[in-house]
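Here the structure is a predicted model, which means the values were calculated and not measured. Below, chains carry the letters A, B, ... as their sequence lines are ordered, and counting in each starts from 1.
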Amino acid sequence: MYRAPRGTSDILPQEQAYWRYIDKKIVDLCQLYGYERIDAPAFEDTGLFLRTVGEETDIVEKQMYTFKDRGGNKLTLRPEGTAPVCRAYLEHGLHNLPQPVKLYYIASIFRYERPQAGRYRQHYQFGYEAIGDDDPALDAEVIDMAWQFFLSLNLHHLSLQLNSTGCKKCRPRYLTELKDYYSDHTQELCSDCRARLKRNPLRLLDCKKPSCQQLANSAPKSIDYLCPQCDEHFNRLKRYLSLLDLPFAVNPRLVRGLDYYTRTVFEVQPEAEGAQSALGGGGRYDDLIEELGGKPTPALGFAAGIERIILNLKQQGVPIPPLPQPQVFIAYIGDQARDGAVKLASALRRAGIGVSEAISGKSLKAQLRQANSLGARYTVIIGEQEVTNNTVILRDMTTAQQKTIPLPQLERELQ
RNA sequence: GUGAGUGUCGCCUAGCGGUCUAAGGCGCCAGGUUGUGGCCCUGGAGAACGAGGGUUCAAAUCCCUCCACUCACCCCA
């Protein structure tokens with residue numbers, strides 16, 4: 001028997017209410033904030049991700065689904081959503097539109113990892129990008145939108161963490177400080193962190209080992225090394241966030257896993273302890289578009305994992321509205337009535353009334369059972385007698401009341 | 001890549017060396033008189049117990065290997 005590949009899953013009808021619920025919130029939210037939808041292909045030239053995500057990141061080093069097509073092109077299933085959007089922005093000359101350009105997506109994301117709770121090889125992300133403006137007011141809007149998104153989903157007990165990692169002018173100086181600090185403490189570091197020190201020192205800050213955390217707590221903070229421009233940007237952002245009453249907490253150890261982030265980074269996490277805690281995160285990437293061959297173009301964005309949202313919705317017991325079902329079930333007895341049932345079902349549907357029916361001849365009892373388990377509001381029953389009289393029995397399933405009415409009247413009764 | 005746990009009908013679970021060609025609940029199907037649901041009752045279909053090998057007179061029950069799943073680490077959404 002075939003099974004879904006490791007780390008992938010089927011989203012069965014019983015789960016769809018969650019997905020539709022979230023979809024709806026996303027569409028409403030984006031409309032509210034003026035974001036338009038974009039759908040990029042599921043795979044891109046491998047180089048796009050190598051270039052933007054960072055060669056030293058785990059994503060590039062071990063998590064990409066990369067393959068060659070028959071023409072010999074090296075392609076990669078998208079491991080994140082931002083780079084494709086930026087590629088599309090450049091490819092279609094969206095810099096000619098009024099800036100910032102605001103785009104959102106809901107897309108499958110592929111990463112080769114060992115699956116566990118809230119982590120899959122194929123998962124879905126909702127993300128949005130605001131490209132073409134460096135004003136901290138835009139950062140505030142992006143963060144506000146993320147926060148409002150989770151509120152609108154009815155998720156509670158979340159925290160909003162904020163940090164600034166500086167720009168390419170001031171970050172090198174900070175990194176030097178950081179390395180200097182850690183170099184004096186190499187013996188106290190875990191083996192992983194010793195490797196990080198050489199390759200990606202920022203990552204030292206979010207090691208979970210207690211001993212490393214202690215070191216990280218007293219490590220130099222990026223916000224203390226910001227250049228005047230970055231510092232002002234960060235201060236204005238914090239002011240805007242306070243203005244908007246967003247409950248953010250500055251976390252000097254907040255670091256993100258992709259190399260392209262500059263200045264603002266933020267993350268939304270559940271307060272409850274747990275493993276894959278990040279529900280969503282984002283930040284600024286002011287150099288990314290230029291890196292891809294465009295003019296220097298400041299931008300920022302956010303992305304959230306849908307599966308993780310659903311996990312939290314379930315944990316918090318958030319009620320989800322059920323998906324609508326057909327209101328009418330048609331039951332019939334005998335072959336003659338069957339013709340009428342087939343015709344009637346189609347007629348009602350053409351009139352915009354949802355209909356389910358028993359396709360093959362079961363007993364009336366079985367058909368009513370089916371109507372009941374489908375949750376039909378009404379059952380229409382057609383037997384031989386009804387066929388001859390051109391009538392129909394209309395049964396209200398909640399009250400168990402039924403009446404015989406002329407067939408031509410049925411549509412009006414149901415509307 | 002590393003570590004731990006689990007693997008019995010579609011789902012949940014019992015069985016832990018012989019009474020198991022495997023039991024129960026949910027779900028599914030059919031009946032409970034003639035054309036009527038949700039409750040109740042009765043019956044039925046459905047698993048050779050993840051796969052392979054071994055130990056034993058005897059294995060779902062013990063051992064080994066493999067596979068799969070789950071959780072955690074790394075990292076991230």
Side-chain angles (χ1 to χ4, degrees), chain A residues 1-9 12 14 53-54 56-63 78-82 106-127 146 150 190-193 195-196 200 203 206-209 212 254-258 267-270 273-282 301-312 329 331-334 337 358 360-387 393-402 404:
Chain A
M1 235 202 347
Y2 290 109
R3 340 185 41 167
R6 171 169 243 197
T8 68
S9 54
L12 297 172
Q14 52 179 12
V53 172
E56 300 283 282
T57 59
D58 273 34
I59 289 182
V60 165
E61 281 186 340
K62 50 185 198 188
Q63 298 182 346
R78 63 178 162 226
E80 62 106 27
T82 298
I106 302 171
S108 49
I109 300 289
F110 305 87
R111 290 184 200 169
Y112 186 87
E113 302 181 86
R114 284 285 280 271
Q116 62 182 288
R119 169 194 276 134
Y120 309 99
R121 290 185 174 180
Q122 181 187 179
H123 72 275
Y124 290 83
Q125 286 186 14
F126 154 55
F150 292 110
C190 67
S191 54
D192 286 337
C193 279
R196 290 188 185 112
N200 204 339
R203 298 237 62 87
D206 66 353
C207 182
K208 284 179 188 163
K209 297 220 169 56
C212 297
L254 178 64
V255 172
R256 312 226 69 234
L258 292 80
E267 218 164 83
V268 176
Q269 301 178 359
E273 292 294 315
Q276 285 65 52
S277 49
L279 273 172
F302 167 83
I306 311 278
E307 286 84 350
R308 288 186 185 179
I309 290 172
I310 293 176
L311 216 59
N312 279 271
F329 187 91
Y332 67 91
I333 311 138
S360 44
K362 295 176 177 180
S363 68
L364 182 59
K365 182 180 194 156
Q367 293 183 67
L368 276 159
R369 250 203 283 267
Q370 189 176 350
N372 186 247
S373 71
L374 288 174
R377 173 98 192 280
Y378 297 101
T379 297
V380 173
I381 302 168
I382 312 173
E384 282 174 47
Q385 201 163 12
E386 286 70 32
V387 171
I393 296 170
L394 179 61
R395 181 177 178 84
D396 185 320
M397 298 300 279
T398 48
T399 63
Q401 302 290 308
Q402 62 183 44
T404 301

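Comparing the C1' positions of B/C12 and B/C57 gives an interatomic distance of 37 Å, to the nearest angstrom. Nucleotides B/G50 and B/U61 place their C1' atoms 15 Å apart, quoted to the nearest Å. Comparing the P positions of B/A68 and B/A47 gives an interatomic distance of 25 Å, to the nearest angstrom. Distance check on atom P: B/A72 versus B/A58 gives 43 Å, rounded to whole Å. A distance of about 33 Å separates the C1' atoms of B/G24 and B/G53, rounded to the whole Å. Here, B/C16 and B/C63 have their P atoms 15 Å apart, quoted to the whole Å. Here, B/G5 and B/G27 have their P atoms 36 Å apart, quoted to the whole Å. Here the separation of B/A30 from B/C73, taken at their P atoms, is 49 Å to the nearest Å.
Within the 4.0 angstrom heavy-atom criterion, no nucleotide atom of any strand lies near A/Gln370. Within the 4.0 angstrom heavy-atom criterion, no nucleotide atom of any strand lies near A/Glu307. Among the heavy atoms of the strands, none lies under 4.0 Å from A/Ile59. Residue contacts for A/Ala400: at a heavy-atom cut-off of 4.0 Å it reaches a base atom on one of the strands shown. Residue A/Glu386 is classed as a base contact, given a heavy-atom separation below 4.0 Å to a base. Note on A/Tyr120: a base of the nucleic acid sits closer than 4.0 angstrom, heavy atoms only. Residue A/Gln367 is out of contact with every strand shown, counting any heavy-atom pair closer than 4.0 Å. Here A/Arg114 lies in heavy-atom contact (under 4.0 Å) with a base.
Remark: the backbone N or O of A/Pro79 is paired with a side-chain donor or acceptor of A/Arg111 at under 3.5 angstrom. No donor-acceptor pair under 3.5 Å is formed between the side chain of A/Arg121 and the backbone N or O of A/Phe110. Looking at A/Arg377, its side chain never comes within 3.5 Å of a backbone N or O of A/Thr398 through a donor-acceptor pair.
A donor and an acceptor atom never sit less than 3.5 Å apart when one is taken from the side chain of A/Arg6 and the other from the base of B/A68. Between the base of B/G50 and the side chain of A/Arg3 there is no donor-acceptor pair shorter than 3.5 Å. Donor-acceptor pairing under 3.5 Å, judged by distance alone, is absent between the side chain of A/Lys365 and the base of B/G38. In terms of polar N and O atoms assigned as donor or acceptor, the side chain of A/Gln269 never comes within less than 3.5 Å of the base of B/A77 in a complementary pairing.
B/A4 takes the anti form, because its glycosidic angle lies more than 90° either side of 0.
Rounded to whole Å, the distance from CZ on A/Arg121 to P on B/C69 is 8 Å. Counting to the nearest Å, the C1' atom of B/G37 and the CD atom of A/Gln402 are 11 Å from each other. Remark: C1' of B/A77 and CG of A/Leu254 are 14 Å apart, rounded to the nearest angstrom. Atom OH in A/Tyr378 sits roughly 18 Å away from atom C1' in B/U36 (whole-Å rounding). A/Ile382 places its CD1 atom 14 Å from the C1' atom of B/U36, with the value rounded to the nearest Å. Distance, A/Glu384 CD to B/G35 P: 10 Å, rounded to whole Å. For A/Arg395 and B/G38, the CZ to P distance is 10 Å, given to the nearest whole Å. B/A77 atom P lies 10 Å from atom CD of A/Gln63, rounded to whole Å.
Taking OG1 of A/Thr57 as the reference point, atom CD of A/Glu80 lies at 9.5 Å (rounded to 0.5 Å). One finds the CD1 atom of A/Ile333 at 14.5 Å from the NZ atom of A/Lys362 (value rounded to the nearest 0.5 Å). Here the CD1-CG distance, from A/Ile59 to A/Leu258, works out to 4.0 Å after rounding to the nearest 0.5 Å.
Scanning both residues, A/Ala358 and A/Tyr332, for their nearest heavy atoms gives O-CE2, 3.4 Å. Across all their heavy atoms, A/Tyr120 and A/Glu113 have their closest contact at O-OE2, 4.5 Å.
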Item to complete: For the pair A/Ile309 and A/Phe150, evaluate side chain to side chain contact (heavy atoms under 4.5 Å, CB included) and give the outcome as yes or no after the intermediate values.
Response: CA-CA 9 Å; A/Ile309 290 172; A/Phe150 292 110; 4.1 Å; yes
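With a 3.5 Å limit on both pairing distances and Watson-Crick or G-U wobble geometry required, the stems of 3 or more pairs in RNA chain B span B:1-7 with B:67-73, B:10-13 with B:23-26, B:28-32 with B:40-44, B:50-54 with B:62-66.
Each of A/Lys62 and A/Leu364 was matched to the nucleotide of RNA chain B holding its nearest heavy atom; the match closer to the 5' end belongs to A/Leu364. Taking for each of A/Val255 and A/Ser373 the nucleotide of RNA chain B with the nearest heavy atom, the 5'-most of the two is the partner of A/Ser373.
Closest approach to the A/Arg308 side chain among B/A77, B/C71, B/U36 is made by B/A77 (side chain taken as heavy atoms from C-beta onward). Comparing atom distances between the A/Lys362 side chain and each of B/A30, B/C74, B/A77 picks out B/A30 as nearest.
Between A/Arg369 and B/C28 there is no side-chain polar atom (N or O) within less than 4.0 angstrom of OP1 or OP2. At the phosphate of B/A72, OP1 or OP2 sits under 4.0 Å from a side-chain N or O atom of A/Gln116.
For A/Glu56, the CD atom counts as densely surrounded, since its 6.0 Å shell holds more than 12 non-hydrogen atoms of other residues, nucleotides or ligands.
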